[in-house]
Undergrad: 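Supplied in structure tokens, the structure appears directly below.
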Amino acid sequence: MTTNLDKLRHALLELHRTLLDAQRIRYERENGRVESRGELLDLVLRDASFEWLRVLSALIARLDELAGVADRDAGAEMRGVIDRLRTLVRFEGNSGFTDPYREIIEAVPDALVAHVQLSRLLADFGTAGRAG
């Protein structure tokens with residue numbers, strides 16, 4: 001389970017990185033260059049054009065928190081987080097996330113690759129969960 005969770009986390013972080021890079025580029029086209037990582041972090045936390053990405057960021061953070069806890073309740077909550085991630089990458093359940101996500105997935109090859117890799121891992125998690 002830990003190795004699958006590590007793979008899932010790595011795929012999530014890769015997808016998040018590609019989405020963040022793509023959103024930064026979109027932002028810069030309209031608003032000018034982002035000069036530093038600090039400025040980018042501030043935008044990610046506060047600017048409306050990055051708001052949609054905060055949904056994924058929060059799920060990644062929660063998954064990280066739960067990975068360090070070894071009780072039954074945490075396991076159930078982790079399955080819930082994984083289910084929410086699965087819903088997001090299937091373009092379901094959150095229109096504020098889905099529209100910009102779909103646009104980037106369709107326009108940025110690296111994001112599409114990361115999306116497919118994560119989708120496959122999430123499908124494997126679902127299969128393992130039903131079998132267990």
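Just so we're clear, the structure is a prediction, and the values are computed from it rather than from any experiment.
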Undergrad: Only counting residues at least two apart or in another chain, list the ones meeting side-chain contact (heavy atoms from CB on, under 4.5 Å) with Leu41.
TA: Leu45
Undergrad: Scan residues 12-22 for pairs that pass salt bridge (Lys or Arg N to Asp or Glu O under 4.0 Å), counting only residues two or more places apart or in two chains.
TA: Glu14-Arg17, Arg17-Asp21
Undergrad: Mind checking side-chain contact (heavy atoms from CB on, under 4.5 Å) for Arg46 and listing every partner two or more places apart, or none if nothing turns up?
TA: Asp42
Undergrad: Taking the side chain as everything from C-beta on, heavy atoms only, tell me whether Leu15 gets closer than 4.5 Å to Gln117.
TA: no
Undergrad: Kindly indicate whether the side chain of Leu5, heavy atoms from C-beta on, has any atom under 4.5 Å from the side chain of Met78.
TA: yes
Undergrad: Please round to the nearest 0.5 Å and tell me the distance separating atom CZ of Arg24 and atom CZ of Arg29.
TA: 10.5 Å
Undergrad: Using atom types as modelled, flag every donor-acceptor pair under 3.5 Å from a side chain in residues 59-70 to any protein atom, sequence neighbours excluded.
TA:
from  : atom 1 : to    : atom 2 : distance (Å)
Arg62 : NE     : Glu77 : OE2    : 2.7
Arg62 : NH1    : Glu65 : OE1    : 2.4
Arg62 : NH2    : Glu77 : OE1    : 2.9
Arg62 : NH2    : Glu77 : OE2    : 2.8
Asp64 : OD1    : Arg9  : NE     : 2.6
Asp64 : OD2    : Arg9  : NE     : 3.4
Asp64 : OD2    : Arg9  : NH2    : 3.3

Undergrad: To the nearest 0.5 Å, what is the distance between CZ on Arg86 and CG on Leu118?
TA: 10.0 Å
Undergrad: For residues 99-116, dump all side-chain donor-acceptor pairs below 3.5 Å to protein atoms at least two apart in sequence or in another chain.
TA:
from   : atom 1 : to     : atom 2 : distance (Å)
Tyr101 : OH     : His115 : ND1    : 2.6
Glu103 : OE1    : Arg26  : NH2    : 2.2

Undergrad: Looking at Gly96 and Trp52, what are the two nearest heavy atoms and their distance?
TA: O-CB, 3.2 Å
Undergrad: Take atom CZ of Arg120 as the centre, draw a 6.0 Å sphere, and report whether it contains more than 12 heavy atoms from other residues, nucleotides or ligands.
TA: no
Undergrad: My understanding is that only residues two or more places apart in sequence, or in another chain, count here; which of them pass side-chain contact (heavy atoms from CB on, under 4.5 Å) with Val44?
TA: Leu20, Leu40, Phe50
Undergrad: Look at the side-chain heavy atoms of Ile, Leu, Val, Met, Phe, Trp and Tyr, link any pair under 4.5 Å apart, and say whether Val34 and Ile25 land in one connected group.
TA: no
Undergrad: Going from NE2 on His16 to OG on Ser57, what distance comes out if it is rounded to the nearest 0.5 angstrom?
TA: 2.5 Å
Undergrad: Mind checking the CG-CG spacing from Leu88 to Asp83? Nearest 0.5 Å is all I need.
TA: 11.5 Å
Undergrad: So which heavy atom on Glu39 is nearest to which on Glu35, and how close?
TA: OE1-N, 2.8 Å
Undergrad: Is the closest side-chain heavy-atom distance between Asn4 and Leu121 below 4.5 Å?
TA: no
Undergrad: Closest approach of Arg54 and Leu43, non-hydrogen atoms and distance?
TA: NH2-O, 3.8 Å
